[in-house]
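Heavy atoms only: backbone and side chains are in, while hydrogens, waters and symmetry mates are out.
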Amino acid sequence: MELAATWESWQAFLAYKKEKQHMGQREEQELQAFIDRAGYQAQCRACEEGRFPSQLPVKRTINKEGSRKKRVVYSFAGDEGLFLKFVAYQLARYDGLFSDSCYAFRRNVGVKEAMGRLRRDPRVEKSWCLKVDISNYFNSIDVGLLLPKLEFLLEKDPQVYTLLRRMLEEERVLEEGEEIRERHGVMAGTPVSPFLANLYLAETDEFFNRRGILYLRYSDDILLFAGSREELEQIRDMLYGRLEAMGLAVNPDKVTVTGPGETFEFLGFGYQGGEIDLSANTLRKAKARIRRKSEALRRWQRRKGLAPEKAAVGLIRAMNRKFYGYGDPVTEEEPEEDAFTWSRWFFPLLTTDRGLKEIDAYLQEYIRYTVTGRHYKGNYRISYQQLVQWGYVSLVHEYYRHRSRR
């Protein structure tokens with residue numbers, strides 16, 4: 001915790017966040033202002049005195065990406081929220097606690113390394129594959145089982161241990177301005193929750209790793225491989241037993257089993273025969289987002305009495321921000337996008353443009369639809385060149401530009 005009191009440590013933290021593009025412009029400005037006024041000093045004193053955090057977390061329910069399903073997230077506002085981001089950044093020094101089979105929320109390990117392992121391991125092509133999703137993982141973690149796993153911090157960083165324990169044991173949260181009590185696990189959305197979630201299943205990850213079982217976990221998504229359907233079922237039972245003992249449950253609607261040579265999905269990608277494309281679920285969610293945004297912008301355009309092409313430009317800008325991270329909002333109702341973009345996640349790993357072509361065609365169709373309000377052949381009177389003039393950028397074109405720069 002001593003590092004949290006030094007200007008140099010905070011400058012290094014800001015430089016890291018900027019280099020990795022882990023924040024939007026607004027967050028960067030807030031963090032710079034916090035450092036300039038030495039806001040971290042008051043937070044350090046609160047930690048030393050056992051008063052951090054002083055506020056209750058705010059509970060919100062938001063739409064899951066690309067669907068109408070909801071998920072629960074928590075946040076700490078203001079200076080305490082910024083301080084927790086620094087704590088999470090410093091917790092990366094304990095990355096050695098995690099198994100090589102864990103690929104989520106680690107400093108130098110991620111989706112690229114996970115997909116690379118799948119392409120390199122010869123067992124993948126000959127194996128049966130089980131994919132499972134842990135239901136409401138972060139918020140279902142048993143705090144009583146987690147706290148003993150944090151006791152290594154008592155010697156290494158006791159103030160951080162006290163901070164984390166205080167957060168985890170506090171059952172009061174604010175929901176729509178009202179104070180309620182609940183069991184909330186590690187509180188998805190808070191900066192330290194990814195580290196805590198990795199720690200919670202570290203022993204399970206290593207259990208399969210030690211036995212030579214091909215096993216990969218990214219947060220709540222798990223892949224298991226076996227040489228036969230029978231062996232896969234045995235390994236599945238081992239996994240389910242360990243998850244149940246940790247108070248976790250598998251989402252039965254997201255369990256899939258594929259045979260050797262069949263396409264399996266992981267982290268938004270579809271994998272088959274060494275080829276990596278967008279998964280069917282990624283395509284579905286992207287199309288749903290395009291449809292919803294186009295309808296919302298048509299309603300906005302009609303309500304404001306604007307020319308139809310304003311809705312088309314709005315749709316293009318919204319998808320440009322999602323895909324590439326640029327493009328100003330066209331309406332006051334559009335929130336600022338975070339730093340995550342398709343180009344950063346998908347482009348480095350795709351080996352084919354098939355899925356990108358499908359989304360390009362779908363988006364072009366809906367850009368034209370926002371102008372006419374109809375899906376019919378007459379929409380093609382709006383030329384491709386017109387779409388480009390409005391700001392449209394092809395995913396396929398940008399993908400090959402990315403590949404040429406590598």
Side-chain angles (χ1 to χ4, degrees), residues 12-29 31 65-66 89 92 103-121 124 216 218 263 265-283 285-287 289-290 293 313 315-329 336-364 367 384-406:
F13 173 50
L14 175 61
Y16 171 81
K17 296 276 281 184
K18 291 168 68 174
E19 177 191 356
K20 299 297 183 181
Q21 298 179 308
H22 285 172
M23 57 184 175
Q25 183 178 6
R26 186 182 306 166
E27 183 184 351
E28 180 181 339
Q29 293 170 347
L31 181 54
E65 175 68 25
Y89 166 75
Y103 293 92
F105 316 120
R106 300 177 66 183
R107 186 68 60 84
N108 297 308
V109 180
V111 60
K112 179 180 178 181
E113 288 70 28
M115 301 306 292
R117 183 180 177 190
L118 291 173
R119 296 190 73 186
R120 289 191 306 270
D121 197 310
V124 171
L216 298 86
Y218 192 102
T263 300
E265 299 188 357
F266 191 50
L267 308 180
F269 296 94
Y271 184 96
Q272 183 181 34
E275 188 170 77
I276 302 173
D277 197 0
L278 301 176
S279 71
N281 192 45
T282 295
L283 292 171
K285 291 196 293 186
K287 291 177 181 180
R289 183 186 182 96
I290 290 167
K293 180 59 73 173
V313 171
L315 179 58
I316 289 169
R317 289 182 178 178
M319 300 315 299
N320 281 350
R321 287 199 308 280
K322 183 61 183 174
F323 293 151
Y324 319 115
Y326 59 77
D328 296 328
E336 180 181 350
E337 294 281 349
D338 59 30
F340 174 82
T341 64
W342 268 48
S343 57
R344 290 183 59 201
W345 183 264
F346 291 111
F347 285 4
L349 296 173
L350 294 175
T351 62
T352 176
D353 62 9
R354 283 197 302 271
L356 299 177
K357 285 180 177 177
E358 188 172 334
I359 295 176
D360 271 344
Y362 196 84
L363 178 54
Q364 290 172 34
I367 294 169
Y384 181 85
Q385 288 72 26
Q386 179 63 73
L387 304 188
V388 172
Q389 288 178 16
W390 285 335
Y392 171 72
V393 179
S394 160
L395 276 166
V396 171
H397 179 266
E398 289 299 291
Y399 167 64
Y400 283 110
R401 279 188 61 195
H402 172 86
R403 288 186 61 174
S404 69
R405 291 194 299 265
R406 286 195 298 181

(Q) Within the 3.5 Å criterion, strictly below it, is a donor on Gln364 or Tyr392 matched to an acceptor on the partner's side chain? (A) yes

Q | Short side-chain donor-acceptor distance under 3.5 Å, Thr352 and Asp277 | A | no

Q: Please examine the side chains of Ser394 and Tyr400, heavy atoms only from C-beta on, and report whether any two atoms are closer than 4.5 Å.
A: no

**Q.** Leu315 vs Leu363 side-chain heavy atoms within contact, under 4.5 Å
**A.** yes

Q.
Are the side chains of Leu278 and Trp342 in contact, using a 4.5 Å heavy-atom criterion?
A. yes

**Q.** Minimum heavy-atom distance Lys20-Arg344, with the two atoms named
**A.** O-NH2, 2.8 Å

Q. Can you check whether Phe346 reaches Leu395 side chain to side chain, under 4.5 Å on heavy atoms?
A. no

Q: Give the minimum heavy-atom separation between Tyr271 and Leu118, together with the two atoms involved.
A: OH-O, 3.2 Å

Q: Taking only Lys NZ, Arg NE, NH1 and NH2, and the carboxylate oxygens of Asp or Glu, determine whether Glu27 and Lys17 approach each other closer than 4.0 Å.
A: yes

Q. For Phe323 and Ile359, what are the C-alpha separation, side-chain angles and deciding distance, and is it a side chain to side chain contact (heavy atoms under 4.5 Å, CB included)?
A. CA-CA 11 Å; Phe323 293 151; Ile359 295 176; 4.0 Å; yes

(Q) With a 4.5 Å cut-off on side-chain heavy atoms, are Leu350 and Phe269 touching? (A) yes

(Q) Please give me the minimum heavy-atom distance between Thr341 and Tyr324, naming the atom from each residue. (A) CG2-C, 3.8 Å

Q) When the ring planes of Phe105 and Tyr218 are compared, do they come out parallel, tilted or perpendicular, using 30° and 60° as the limits? A) tilted

(Q) Pair Arg354, Glu275 - check side chain to side chain contact (heavy atoms under 4.5 Å, CB included), show working. (A) CA-CA 11 Å; Arg354 283 197 302 271; Glu275 188 170 77; 2.7 Å; yes

**Q.** Cation-aromatic face contact Arg107/Tyr16, 6.0 Å, 45 degrees
**A.** yes

Q) What closest approach, in Å, do Ser343 and Pro348 show between heavy atoms, and which atom pair accounts for it? A) O-CD, 3.4 Å

Q) Does a side-chain heavy-atom distance below 4.5 Å link Glu265 with Thr282? A) no

**Q.** Val111 versus Leu267, closest heavy-atom pair with distance
**A.** CG2-CD1, 3.6 Å

